[in-house]
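One structure below.
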Number of protein chains: 2
Amino acid sequence: MAKGRPREFDCEQALDKALEVFWRYGYEGASLPALTEAMGINRPSLYAAFGNKEALFKKVLDRYTAGPAAHLKCALSAPTAREAVERFLYGSADLLGDPTHPRGCMVVQGALSCGEGAESIKQDLTARRTAAENAMRMRFEQAILDGDLPKDTNPADLARYIATVSHGMSVLAAGAATRDELRHVVDMAMRAWPGR
Amino acid sequence: MAKGRPREFDCEQALDKALEVFWRYGYEGASLPALTEAMGINRPSLYAAFGNKEALFKKVLDRYTAGPAAHLKCALSAPTAREAVERFLYGSADLLGDPTHPRGCMVVQGALSCGEGAESIKQDLTARRTAAENAMRMRFEQAILDGDLPKDTNPADLARYIATVSHGMSVLAAGAATRDELRHVVDMAMRAWPGR
DNA sequence: GTTATTCTGTACCGATCGGTAAAATATATT
DNA sequence: AATATATTTTACCGATCGGTACAGAATAAC
């Protein structure tokens, strides 16, 4: 049984609101007043429930990769490597070009460059990007074994290329790129697919 | 004739030092103490010589595009569109992978996401990225007229794709991508070139 | 030398940053 | 009802943010 005064807000709803703020302004650009106002709670409640700004950001980041950005993991299970990449990139175009969220990918924009106080956040995001790249590389290694990709394909280079396109689309979306423009980018990018 | 006490520092050297700080930490992440210390001057001298932080950033940005990032304009004057893009992208790989500078492109990292106080800087950077994209598009339009690119090439899509690769390489470089890794990305990206 | 002008150095400004102490409030347990 | 526990609220903390007032110092013009 829970003792004490019950909290008056829903943690998951609050995290969703925090996600919106961090997504739009990045880690450093999201101020605590902006966060608490969006979450509808006051500061001590935030600290009691989520630790501090950094811990909140990481919780929000997990929520982001499991929610809006879940298409990456989904895509990797496609039957062929090419289909996996197409699902991932077109899914990214749809996500990044969707005007109902902040523009761009949170893992890219969160702290691409930052002051020294956010260095650990920056490294965390970098690690997540390379983890995604490695997941793609391993998918390609499997595809080579399956005969799904030419044997002379370099899986690391291919994964790095796909990651590059994905990250570049995020930067483009941070401007004003539309969903269709991003999809055309994917059309172009897929022309580089191995084995013509 | 110059009246009054002469300034004791070299403006251009100071701008180069400021460039290094802004390049590494971005607009918001670069604090005034970090700037003044790197520039070797104190705060009132900075404001007297350059206006304020925003004006200093824009001066530094011009210096960046005319200096380290000058390969873009140079590349556009190559004889063929393909050669122009190759020069630009391989030049970008060399620049972004050079460990003697901060990692990544200042026009991408400077303020990709930021607090509300840096919104105008963010928009300025976005405008510079689209300007570069438009310059490439116009180069491709000319190439189509020259018969240098297939007539069914969409110059806007191609330019957006090249911009995407370039921006994505900047994000990759913000991690720990090496020059060679970035060059392999360019190798892959060029496989998408029109007219196989 | 005197004056006008411009730069340098110190010290400071209000605003905002992330984070917290402490009292008031609301529940579960006894 | 009394107590223990946990959350809310208000008010505040020191640190840092970008920016500046002001006096001292160095030059050119007179």
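Order of the sequence lines sets the chain letters (A, B, ...), proteins ahead of strands, with each chain counted from 1. Bear in mind that the values here come from a model prediction, so they are computed numbers and not experimental data.
- In the hydrophobic clustering, A/Leu145 connects to no other residue, as no ILVMFWY side-chain heavy atoms lie under 4.5 Å from its own.
- Residues B/Leu96 and B/Gly104 approach most closely at CD2-C, 3.3 Å, considering heavy atoms.
- Residues meeting the ring pair (Phe, Tyr, Trp, His ring centres under 6.0 Å) test with A/Tyr64, sequence neighbours left out: A/Trp23.
- A salt bridge does not link A/Glu133 to A/Arg129: none of the charged nitrogens lies less than 4.0 Å from a carboxylate oxygen.
- Residues from residues 21-49 of chain A that place a heavy atom under 4.0 Å from any atom of DNA chain D, listed by number: A/Asn42, A/Pro44, A/Ser45.
- Sorted by first then second residue, the ring-ring contact (aromatic ring centres under 6.0 Å, His included) pairs that include residues 145-180 of chain B, not counting sequence neighbours, number zero.
- Taken residue by residue, residues 114-122 of chain B places no heavy atom nearer than 4.0 Å to DNA chain C.
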Take A/Asn42 and A/Thr36, measure what side-chain contact (heavy atoms from CB on, under 4.5 Å) needs, and give me the verdict at the end. CA-CA 6 Å; A/Asn42 45 32; A/Thr36 54; 5.8 Å; no
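- Of the residues in residues 50-57 of chain B, those with a non-hydrogen atom less than 4.0 angstrom from any atom of DNA chain D are B/Asn52, B/Lys53.
- B/Val108 and A/Leu125 sit in two unconnected hydrophobic clusters of ILVMFWY residues. Membership requires side-chain heavy atoms under 4.5 Å apart, directly or through other members.
- Sorted by first and then second residue, the side-chain hydrogen bond (donor to acceptor under 3.5 Å, both in side chains) pairs with a member in residues 68-91 of chain A read A/His71-A/Ser92, A/Arg82-A/Glu86, A/Tyr90-A/Asp187; sequence neighbours excluded.
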Show the distances under 3.5 angstrom between N or O atoms of the protein and N or O atoms of nucleotides 24-26 of chain D.
residue, atom, partner, partner atom, Å
D/dG24, N2, B/Arg5, NH1, 3.3
D/dA25, N3, B/Arg5, NH1, 3.4

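- The salt bridge (Lys or Arg N to Asp or Glu O under 4.0 Å) analysis of residues 163-180 of chain B, with sequence neighbours excluded, yields the pairs B/Asp94-B/Arg179.
- With rounding to whole Å, A/Phe9 atom CZ is found 8 Å from D/dT7 atom P.
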Return all side-chain donor-acceptor pairs below 3.5 angstrom for residues 112-121 of chain B, not counting sequence neighbours, or 'none' if the list is empty.
residue, atom, partner, partner atom, Å
B/Ser113, OG, A/Gln109, O, 2.6
B/Glu116, OE2, A/Tyr25, OH, 3.1
B/Ser120, OG, B/Glu54, OE2, 2.9

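- Here ring-ring contact (aromatic ring centres under 6.0 Å, His included) pairs that include residues 116-135 of chain B, with residues two or more places apart or in two chains, number zero.
- Residues meeting the ring pair (Phe, Tyr, Trp, His ring centres under 6.0 Å) test with B/Phe57, sequence neighbours left out: B/Phe22, B/Tyr27.
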